[in-house]
*Asks:* 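So that we are looking at the same thing, I have put the structure below in structure tokens.
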Amino acid sequence: MKEANLRTKTAHEIGRLGVPWLFGFLRPRKAPLREFRDLTMSLYCGTACRRKFFWCYRLLSTYVTKTRYLFELKEDDDACKKAQQTGAFYLFHNLAPLLQKSERQYLAPQYSLLELERLLGKFGQDSQILEDSVLIGCSEQQEAWFALDLGLNSSSSINASLQKAEMETALQGSFIKLTKSLFELNVKDASLLSTAQALLRWHDTHQFCSRSGQPTKKNVSGSKRVCPSNNIIYYPQVAPVVITLVSDGTRCLLVRQSSFPKGMYSALAGFCDIGESLEETVRREIAEEVGLEVDRLHYSASQHWPFPNSTLMIACHATVKPGQTELQVNLRELEAAAWFSRDEVATVLRRNNPSNQQQSGAVPFWLPPKLAIAHQLIKEWVEKPTCSPLPA
């Protein structure tokens, strides 16, 4: 009984009584040196585990803090106005972001509120235009990031063109369409500018209430618009799109549309219809476009895509039965479709710049750039041929 009571003493008490007490009563059958080594390892492991948990908690805490800060800015107009004072702005002109060329990629410059007010004053613009800015994110240090389009509200295309050229000279950059520059941006800028363009476009095309016909009013962050006459709230929306790589086990199906760049093939894609589940959309799209019936499918990943008007790309893998692979291409939807072996696709993936090599005849086709989820979907199939799909 006495020994059992001694075993329940806390680490603090053990430390107070000293190591000799530990050796003499807790585990009398072990040698003192071994006992000391075991105690040391226990303390070290405990410290390591606590340290690992602490850093995991720190990472989670940073994300939660950042997310709640953004939520506050979206809901509190005064807080958002205050954040603009110390925030950074990305500039657009008619939905084209301001970019600066740096070696092999584009960079998106940031401007403070003071710098932006000076720029607007130089071109005779009132700072009231800042009310059209939208919140697009923030740093871990809670520096808010905004986007502002300086060309959407221009009175005429001639004036806008002149103003655009003057601003490009003053800012030492160029307003380049995102369709031309997206794949030459780093991941951070590509994500921010895609979000910014989608929000700016949505506000430009939703300035009136669909029920009353009256002008709607944007909140400071741009997270919603409200109709003052009936208090209807409008929120920015995205359209769900499934993008599916079909396989028969040893080959994958790649397709091209007439709108694709010359020689580019990709995975099948289509918008979800109202009332459809994700699985139903995958099955329908594959049946409509290539005349195949899905046997099994599984989800891979998702990605926001700014084209044509802000979509959520939902990537899936689908398999068809090996004996049911004959294609019946719907020429209303596709220009071409074909099966490609894993080796053929892997060869194209290894090319540093497949589009240029395709034009020179070095490869028969090329794939979407790395930033596109279609590229990741195809790469995943090449590198992980075995998966655990679910029945469609």
Side-chain angles (χ1 to χ4, degrees), residues 179 182-183 241-272 278 281-303 305 307-308 311 313-387 389 392:
T179 52
L182 183 64
F183 299 119
V241 174
V242 293
I243 179 165
T244 309
L245 187 67
V246 181
S247 170
D248 67 353
T250 60
R251 303 175 299 172
C252 74
L253 178 66
L254 299 176
V255 304
R256 63 170 281 102
Q257 299 177 358
S258 58
S259 59
F260 286 3
K262 182 180 178 180
M264 192 189 85
Y265 278 72
S266 185
L268 281 165
F271 287 90
C272 295
L278 174 62
T281 302
V282 171
R283 292 174 61 89
R284 175 183 56 78
E285 283 292 332
I286 294 173
E288 283 182 355
E289 298 192 359
V290 292
L292 297 178
E293 187 171 345
V294 173
D295 181 36
R296 304 173 76 85
L297 67 90
H298 76 278
Y299 168 80
S300 174
S302 64
Q303 177 188 45
W305 196 243
F307 316 117
T311 59
M313 305 297 292
I314 306 166
C316 298
H317 289 279
T319 57
V320 296
K321 294 180 179 180
Q324 301 176 2
T325 59
E326 183 179 352
L327 302 179
Q328 299 175 9
V329 181
N330 185 343
L331 296 178
R332 292 184 179 181
E333 297 286 338
L334 302 175
E335 183 178 275
W339 292 103
F340 295 89
S341 69
R342 185 169 279 105
D343 288 340
E344 289 177 307
V345 177
T347 298
V348 176
L349 284 173
R350 285 194 294 267
R351 306 289 184 179
N352 292 329
N353 196 340
S355 60
N356 290 341
Q357 299 197 29
Q358 191 277 334
Q359 293 172 4
S360 65
V363 293
F365 65 97
W366 59 285
L367 301 172
K370 292 182 180 180
L371 186 63
I373 198 169
H375 182 101
Q376 301 303 320
L377 193 62
I378 296 168
K379 183 180 179 183
E380 186 177 58
W381 176 78
V382 170
E383 296 179 347
K384 301 177 182 179
T386 58
C387 56

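The shown structure was predicted, so the numbers you read here are calculated from the model rather than taken from an experiment. Index from 1, following the sequence.
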*Asks:* Taking Val290 as the fixed residue, which of Thr325, Val246, Leu253, Val320 is the one that meets the side chain to side chain contact (heavy atoms under 4.5 Å, CB included) rule?
*Replies:*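 For Val290, the side chain to side chain contact (heavy atoms under 4.5 Å, CB included) check succeeds only for Leu253.
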*Asks:* Which heavy atom in Val294 sits nearest to a heavy atom in Ala318, and how many Å separate them?
*Replies:*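 That closest heavy-atom pairing would be CG1-CB, 4.1 Å.
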*Asks:* Can you name the closest pair of heavy atoms from Glu344 and Phe365 and give their distance?
*Replies:*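 Of all heavy-atom pairs spanning Glu344 and Phe365, the closest is O-CZ, 4.3 Å.
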*Asks:* For Thr244 and Leu377, which heavy atoms make the closest approach, and how far apart are they?
*Replies:*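 In this case the closest contact between Thr244 and Leu377 is C-CD2, 4.1 Å.
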*Asks:* Go through the structure and list residues passing side chain to side chain donor-acceptor pair (under 3.5 Å) with Gln303, not counting sequence neighbours.
*Replies:*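 So Gln303 forms no side chain to side chain donor-acceptor pair (under 3.5 Å) with any residue.
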*Asks:* Is the backbone N or O of Glu288 less than 3.5 Å from a side-chain atom of Asn330, with the two atoms forming a donor-acceptor pair by type?
*Replies:*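 Confirmed, Asn330 side chain pairs with Glu288 backbone.
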*Asks:* With sequence neighbours left out, write down each residue that passes side chain to side chain donor-acceptor pair (under 3.5 Å) with Ser266, or none if nothing qualifies.
*Replies:*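 Ser266: no side chain to side chain donor-acceptor pair (under 3.5 Å) contacts found.
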*Asks:* Do Val282 and Ile314 make a side-chain contact, defined as non-hydrogen atoms from C-beta onward lying under 4.5 Å apart?
*Replies:*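 Sidechains of Ile314 and Val282: no contact.
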*Asks:* Only pairs at least two apart or in different chains count here, so list each side-chain hydrogen bond (donor to acceptor under 3.5 Å, both in side chains) that has a residue in residues 247-257.
*Replies:*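 Listed once each, the pairs are Ser247-Trp381, Asp248-Arg251, Arg256-Glu335.
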*Asks:* Below 30° counts as parallel, above 60° as perpendicular, anything between as tilted: where do the rings of His317 and His298 land?
*Replies:*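 Parallel.
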*Asks:* Okay, side chain of Trp339, backbone of Glu326: is any donor-acceptor separation there less than 3.5 Å?
*Replies:*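 Pair absent, no side-chain N/O of Trp339 close to backbone of Glu326.
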*Asks:* To the closest 0.5 Å, what do you measure between CG (Leu349) and CD (Glu383)?
*Replies:*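 Here the rounded value is 8.0 Å.
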